[in-house]
Structure formats: structure tokens, C-alpha cells
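All residue numbers refer to positions in the sequence shown, counting from 1.
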Amino acid sequence: MRPLDEAETTAVFEKLFKFVGNNLKHLVDRPSHEGPDPTPGRYCFRLHKNRVFYVSDALVRRATNISRDRLLSLGTSVGKFTHGGKFHLTVHALDLLAAHARHKVWLKPTSEMSFLYGNHVLKSGLARITDNVSAGDGVVVFSMSDLPLGFGIASKSTQDCRKLDPNAIVVLNQVDVGLYVRKEDDL
């Protein structure tokens, strides 16, 4: 487990910024109350076997007692680097993204299952959308009871969504919680 280098940090922060915007500062500067220290620590990003973890400093210090080949996971898995060097967010980052999301989409109960099966969000399944969403922005998808279901990329802006036909795709599905069932061996 090691800190991210400059290129890796840039790739991770660019991807996170797409979903959380300026709230990225709150994600990085969030105090950590783990460990025996009375003063709160900070959270950081660490790389281990091409996976990026969001973990508190206190937990990183305690994990140094474990050898690298025996360490499987530490903290929250945020994403992974591909063999080509690109960074992909994983379903494990959903809780972090949902808490700090800049753009949100709420689905009607009838279209939740379709999204959880890996399909894109159609205009007919859209219940609400935050204002000022542009095409290409990262959005977090919620149920009507504010349960985070996944995240994706907006294919249309908020203004364009108002005049679309019901079968037009509004959000391109990147990750949803149904992935736990569909690819449980790969996670």
C-alpha cells in the first residue's frame, strides 16, 4: 500500500470531481475520529494492487504491521486503475459520491428495477432531476426514498429533458448496486 503519485492523484481527482464538484474539498478534508488519538486525523487515498482506497491516516499507520501480500483491502475501495492506466470508479464509491453529489437524479419506482439490471435511465422513468445538469456531467441516481442506486453520466441537460420523448435515454448507467449480484465473483 502506497500513496498515489501525481498522475494517479490527478486521474482519481478528475473522476471524483466529475461527480462531486467543489465538494471534493469536503471529501479530502473530512476529519477522521478513528484510532486512539484524541485529535481527529484526515482521510487519504492509497493504492494497493491497482485499487484505490479511501482510508483514514490512523488506519494506514496500523496497517503497516501487515505485509503487502497478505493485505486484501483497507478502508473504502473507491476505484481501480486499468492496465491501460485509466481510472474507473467502482460500486463501493457510491456512498461517498451520494453524500457529496453535485447532481442527482431520482427514479420512479417502476424504473428502479430496470436500472438495477444495468439498463440506462429513460425519460419515462425520471421522477426528478437537479437543476443545471449539463450533458456529460456525472450524476448519482437515487430512488424516491433517497436510497442511492448507482451513478452514471447525464446524456441530456436538465432543459433538454423537459422536451424529450419518453423513450429517450437521460442517464447512461455506469455502475449500479445490482452489480453486486451480476458480478459478485469479480468484485
How long is the gap from [atom1] on [X] to [atom2] on [Y], to the nearest 0.5 Å?
{"X": "Leu96", "Y": "Asn23", "atom1": "CG", "atom2": "CG", "result": "12.5 Å"}
{"X": "Arg162", "Y": "Ile129", "atom1": "CZ", "atom2": "CD1", "result": "8.5 Å"}
{"X": "Asn65", "Y": "Arg70", "atom1": "CG", "atom2": "CZ", "result": "14.5 Å"}
{"X": "Leu179", "Y": "Gln174", "atom1": "CG", "atom2": "CD", "result": "12.0 Å"}
{"X": "Arg102", "Y": "Phe19", "atom1": "CZ", "atom2": "CZ", "result": "10.0 Å"}

Closest approach of [X] to [Y] (non-hydrogen atoms, all atoms of both residues):
{"X": "Gly138", "Y": "His103", "answer": "O-CB, 3.7 Å"}
{"X": "Pro148", "Y": "Ala98", "answer": "CB-CB, 3.8 Å"}
{"X": "Ala11", "Y": "Phe81", "answer": "CB-CE2, 4.0 Å"}
{"X": "Leu72", "Y": "His48", "answer": "O-CD2, 4.1 Å"}
{"X": "Val133", "Y": "Ala154", "answer": "CG1-CB, 3.7 Å"}

Please determine whether residues [X] and [Y] belong to a single hydrophobic cluster, defined as Ile, Leu, Val, Met, Phe, Trp and Tyr linked transitively by side-chain heavy-atom distances below 4.5 Å.
{"X": "Ile153", "Y": "Leu116", "answer": "yes"}
{"X": "Val28", "Y": "Val52", "answer": "yes"}
{"X": "Leu122", "Y": "Trp106", "answer": "no"}
{"X": "Leu94", "Y": "Met113", "answer": "yes"}
{"X": "Val140", "Y": "Leu24", "answer": "yes"}

Who else is in Ile66's hydrophobic cluster (ILVMFWY, side-chain heavy atoms under 4.5 Å, direct or via others)?
Met1, Phe53, Val55, Leu59, Val60, Leu71, Leu74

Mind jotting down which residue pairs meet the side-chain hydrogen bond (donor to acceptor under 3.5 Å, both in side chains) criterion with at least one end in residues 3-22? Sequence neighbours excluded, please.
Arg2-Glu8

Going by side-chain hydrogen bond (donor to acceptor under 3.5 Å, both in side chains), name the pairs with one or both residues in residues 114-133, residues two or more places apart or in two chains.
Ser114-Asn119

Hey, mind stepping through Thr76 and Asp95 against side-chain contact (heavy atoms from CB on, under 4.5 Å) and telling me if it holds?
CA-CA 10 Å; Thr76 303; Asp95 289 335; over 6 Å; no

With heavy-atom distances below 4.5 Å as the criterion, would you say the side chains of [X] and [Y] are in contact?
{"X": "Val175", "Y": "Thr90", "answer": "no"}
{"X": "Arg46", "Y": "Pro3", "answer": "yes"}
{"X": "Val177", "Y": "Phe115", "answer": "no"}
{"X": "Leu97", "Y": "Val20", "answer": "yes"}
{"X": "Val170", "Y": "Asp160", "answer": "no"}

Steps toward side-chain contact (heavy atoms from CB on, under 4.5 Å) verdict (Leu89, Val78):
CA-CA 6 Å; Leu89 289 170; Val78 174; 3.7 Å; yes

Can you tell me how the ring of Phe13 sits relative to the ring of Phe45, calling it parallel under 30°, perpendicular over 60° and tilted otherwise?
perpendicular

Can Asp176 and Val141 be said to form a side-chain contact (heavy atoms from CB on, under 4.5 Å), step by step?
CA-CA 9 Å; Asp176 58 79; Val141 179; over 6 Å; no

Residues, nucleotides or ligands: over 12 heavy atoms within 6.0 Å of Lys25 NZ
no

Quick check: does any side chain N or O of [X] sit under 3.5 Å from a backbone N or O of [Y], one acting as donor and the other as acceptor?
{"X": "Arg51", "Y": "Lys80", "value": "no"}
{"X": "Ser77", "Y": "His92", "value": "no"}
{"X": "Tyr54", "Y": "Leu27", "value": "yes"}
{"X": "Ser134", "Y": "Asp137", "value": "no"}

Give the intermediate values and the outcome of side-chain contact (heavy atoms from CB on, under 4.5 Å) for residues Cys44 and Asp57.
CA-CA 7 Å; Cys44 58; Asp57 287 334; 3.2 Å; yes

My understanding is that only one of Ile169, Leu164, Asp165 makes a side chain to side chain contact (heavy atoms under 4.5 Å, CB included) with Asn167; could you say which?
Asp165

